[in-house]
Number of protein chains: 2
Amino acid sequence: MRGDPVTREPRYRQIAEELRHAITEHAYGPGGKLPSEGALAERYEVSRGTIRQALMLLRHDGLVTSRRGTRRVVLDDAPVQEFAQMQSFARWARSIGETPEGRVIRQGWHSADPDERRQLRIDADARVLRVVRLRLLSGRPAMLERTAYPEALGAIVETLPADTVSVTEFLEQAGVFVADAEHTIDLARADPQDAALLGCAVEDPLLRERRRSTDPAGVPLEWSEDRYLPGSVAFVVHNSLASTPMTRQHMVPVVRDSG
Amino acid sequence: MRGDPVTREPRYRQIAEELRHAITEHAYGPGGKLPSEGALAERYEVSRGTIRQALMLLRHDGLVTSRRGTRRVVLDDAPVQEFAQMQSFARWARSIGETPEGRVIRQGWHSADPDERRQLRIDADARVLRVVRLRLLSGRPAMLERTAYPEALGAIVETLPADTVSVTEFLEQAGVFVADAEHTIDLARADPQDAALLGCAVEDPLLRERRRSTDPAGVPLEWSEDRYLPGSVAFVVHNSLASTPMTRQHMVPVVRDSG
DNA sequence: AGATCGAAGTTGTATGGCCAACACCTAGTT
DNA sequence: AACTAGGTGTTGGCCATACAACTTCGATCT
């Protein structure tokens with residue numbers, strides 16, 4: 001029963017997938033107990049360490065608890081999106097049954113501003129490709145994306161047709177992979193460009209997500225500011241004692257000059 | 001009372017703390033390389049496995065990359081908040097040098113609505129304690145919090161004075177610990193109560209965070225909806241191929257009636 | 001009835017080992 | 001000069017073991 005010589009997923013990931021599937025299919029139910037590590041190790045014919053690696057994945061995704069002395073408990077039934085889905089607007093849109101579209105509104109090379117230099121970790125004289133992209137869900141404007149790419153990546157992105165649906169998927173084919181992303185979420189007001197393209201009024205509130213993505217080596221790939229029309233999207237985050245990927249950030253109130 | 005009756009931190013956590021400290025003190029710099037696992041194992045006189053556990057923590061917090069073949073690279077210099085800080089408004093406020101305050105606006109027992117029943121995993125006939133709390137930063141209103149507690153926890157919370165600064169810290173002393181939390185972030189409009197208490201206009205946009213916290217056993221502890229005045233807070237999330245605690249959530253657009 | 005103790009079951013911490021997969025550099029080849 | 005092959009260093013995957021710390025539950029004792 002082999003004949004499967006292709007890119008083999010590590011065993012612990014296969015097992016995690018199976019368990020994840022069982023959980024989202026309500027095999028245990030919220031609050032239900034998983035089998036013990038030992039029992040799972042026997043069932044899958046692997047060592048306890050491999051089972052632990054698999055369960056650690058589910059733990060970090062917030063699907064199960066983990067506590068000394070008792071079996072693991074199912075926290076949540078809901079299927080968790082892959083990282084790849086969070087990373088790509090197009091993939092996410094398709095997964096919820098909508099048709100994603102993208103239109104380049106503006107595109108051009110500029111010398112990097114201080115913010116871009118810090119985020120993309122590039123020199124003062126380096127240039128970036130700035131792209132403004134309108135994203136649509138089944139024909140309706142949903143989000144406006146303003147992205148800065150460093151020189152090397154910009155050279156690739158520049159060649160894409162203006163209506164490319166998924167930049168991420170194209171870049172993957174070119175061998176560019178996103179491994180990490182940091183997101184800052186807050187609220188912004190629509191500027192005239194936002195308003196014109198998203199079809200709202202100037203000063204209307206928008207959900208803002210600023211994001212820096214990096215490749216597996218830790219090299220910044222993009223620095224982007226996305227503005228979503230409210231009511232169509234929410235961000236869901238899980239954190240725990242076992243992993244703390246979420247923080248609050250204080251924003252110093254803007255001091256109005258008094259004269 | 002002998003020498004060291006306290007709970008000892010595991011070795012890998014101690015090592016993670018030291019490395020975390022070294023990173024935030026810019027000992028390696030963003031893009032810098034960490035020593036190899038073997039070198040660290042020798043320095044700390046532990047096995048490679050222990051070092052790997054320590055580095056895993058930093059990996060999940062988004063401080064370093066992790067890639068086969070090369071040494072780990074520092075992704076970010078910024079200090080990461082503890083889970084405990086994200087979980088408690090008061091602790092967070094103090095960590096940024098502000099004085100937290102809290103005032104109970106309303107408090108009372110109600111029979112749980114369907115949403116509360118699902119989130120808190122309780123029966124149809126169960127009651128919840130609903131508490132509306134205004135949170136202030138150094139005297140200025142910052143956030144309005146509407147929380148539902150299940151019966152057992154409500155009985156404790158109910159006894160607290162109306163101006164308790166940190167509910168979380170009180171509960172910890174009572175032996176109640178939060179281990180997991182799931183946050184949903186989007187945008188909301190101020191209702192009359194929001195407006196009156198936060199000092200904004202009705203329909204003004206607010207940053208909304210809905211949160212369900214659970215204890216180490218996976219039992220829901222609270223279901224809360226927090227509304228922040230914009231401009232004072234942002235949420236920062238890290239996710240990666242190694243851990244995917246963040247997802248987008250689709251919200252079905254509200255159909256406007258056309259007549 | 002209620003409290004205490006202890007055994008069984010379970011996960012956490014740590015060690016040690018082995019090989020595979022991969023990145024990176026160097027030396028040699030073309 | 002450009003390309004190739006190989007060697008070295010490094011992390012990933014997996015195994016086996018041992019003991020510690022903790023939860024739970026039943027039995028025993030008061």
Side-chain angles (χ1 to χ4, degrees), chain A residues 5-17 19 28 31-60 64-75 175 177 179 215-219 240-243, chain B residues 4-17 19 28 31-60 64-75 175 177 179-180 215-219 240-243:
Chain A
V6 274
T7 54
R8 184 173 96 262
E9 276 277 293
R11 192 80 184 94
Y12 76 95
R13 283 188 184 275
Q14 296 174 18
I15 294 171
E17 262 334 288
L19 291 173
Y28 306 102
K33 278 185 163 56
L34 254 57
S36 75
E37 297 177 356
L40 290 170
E42 210 167 298
R43 176 192 306 177
Y44 290 105
E45 296 180 299
V46 295
S47 76
R48 204 187 132 207
T50 301
I51 293 294
R52 282 181 66 77
Q53 280 189 80
L55 291 170
M56 215 70 87
L57 291 181
L58 306 185
R59 173 83 188 97
H60 284 296
V64 298
T65 65
S66 223
R67 168 177 163 246
R68 186 177 279 183
T70 54
R71 298 235 284 271
R72 285 178 174 80
V73 169
V74 175
L75 265 178
F177 292 93
D215 76 0
V219 179
S240 69
L241 282 173
S243 66
Chain B
D4 212 315
V6 274
T7 47
R8 184 174 97 263
E9 275 280 292
R11 193 80 184 95
Y12 77 93
R13 281 187 185 276
Q14 298 174 17
I15 294 171
E17 261 335 287
L19 290 173
Y28 306 101
K33 278 186 166 55
L34 253 56
S36 75
E37 296 177 357
L40 289 171
E42 211 168 298
R43 176 193 305 177
Y44 289 104
E45 297 181 300
V46 295
S47 75
R48 206 188 129 205
T50 302
I51 293 294
R52 282 179 67 78
Q53 281 188 82
L55 291 170
M56 213 71 86
L57 290 181
L58 307 185
R59 172 83 187 97
H60 284 296
V64 299
T65 66
S66 224
R67 197 165 57 121
R68 187 178 284 188
T70 51
R71 297 236 285 271
R72 284 178 174 78
V73 170
V74 174
L75 264 179
F177 292 93
D180 285 86
D215 77 359
V219 178
S240 69
L241 281 173
S243 65

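First the proteins, then the strands, lettered A, B, ... as listed; each starts at 1. No experiment lies behind these values; they were computed from the predicted model shown.
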Report summary line: Here the distance between atom C1' of D/dT11 and atom NZ of B/K33, to the nearest Å, is 13 Å
**Report entry** Distance, rounded to the nearest Å, where A/E37 contributes CD and D/dC22 contributes P
**Finding:** 16 Å
Requested in this report: Take the protein atom CG of A/L40 and the nucleotide atom P of C/dG9, then report the distance between them rounded to whole Å.
Outcome: 17 Å
Query raised in the report: What are the two closest heavy atoms between A/Q14 and A/E9, and how far apart are they?
Result: NE2-O, 2.9 Å
Report summary line: Rounded to whole Å, CZ of A/R67 lies from P of C/dG9 at a distance of 19 Å
Report summary line: Per nearest nucleotide of DNA chain D, the residue lying toward the 5' end, B/G38 or B/A217, is B/G38
Query raised in the report: Roughly, in whole Å, what's the span from CZ in B/F177 to P in D/dC22?
Result: 12 Å
Requested in this report: Starting at atom CG of B/L55, determine the distance to atom P of D/dT10, rounded to an integer number of angstrom.
Outcome: 14 Å
Report task. Taking all heavy atoms of B/Y12 and all of B/T50, pick out the closest pair and write down the distance. Result -> CB-O, 3.6 Å
Query raised in the report: Among all residues two or more places apart in sequence or in another chain, which pass the salt bridge (Lys or Arg N to Asp or Glu O under 4.0 Å) test with B/E42?
Result: none
Report task. Could you check if a side-chain atom of A/Y28 sits within less than 4.5 angstrom of a side-chain atom of A/V64, using non-hydrogen atoms only? Result -> no
Query - Check ion pair A/R59-B/D180 (N to O, under 4.0 angstrom) - result: yes
Requested in this report: Go through the side-chain N and O atoms of A/R72 and A/T65 and say whether any donor and acceptor fall under 3.5 Å apart.
Outcome: no
Report summary line: Whole-Å distance, B/Y44 OH to C/dA14 C1', equals 17 Å
Could you go through nucleotides 6-9 of chain D and list every protein N or O atom that sits under 3.5 Å from one of its N or O atoms, giving the distance for each pair?
from  : atom 1 : to    : atom 2 : distance (Å)
D/dG9 : N2     : B/G69 : O      : 3.0

Query raised in the report: Roughly how far apart are A/Y44 OH and A/R11 CZ, rounded to 0.5 Å?
Result: 8.0 Å
Report summary line: Rounded to whole Å, the CG-C1' distance (B/L34 to D/dT11) equals 13 Å
Requested in this report: For A/L34 and A/R71, work out which heavy atoms get closest and say how close.
Outcome: O-NE, 2.7 Å
If you restrict it to nitrogen or oxygen atoms, what contacts under 3.5 Å exist between nucleotides 14-18 of chain D and the protein, and what is each distance?
from   : atom 1 : to    : atom 2 : distance (Å)
D/dC14 : OP1    : A/R11 : N      : 2.7
D/dC14 : OP2    : A/Y12 : N      : 3.4
D/dC15 : OP2    : A/S47 : N      : 2.9
D/dC15 : OP2    : A/S47 : OG     : 3.1
D/dC15 : OP2    : A/T50 : OG1    : 2.4

Query raised in the report: What heavy-atom pair brings A/A54 and A/I15 nearest, and what distance separates the two atoms?
Result: CB-CG2, 4.0 Å
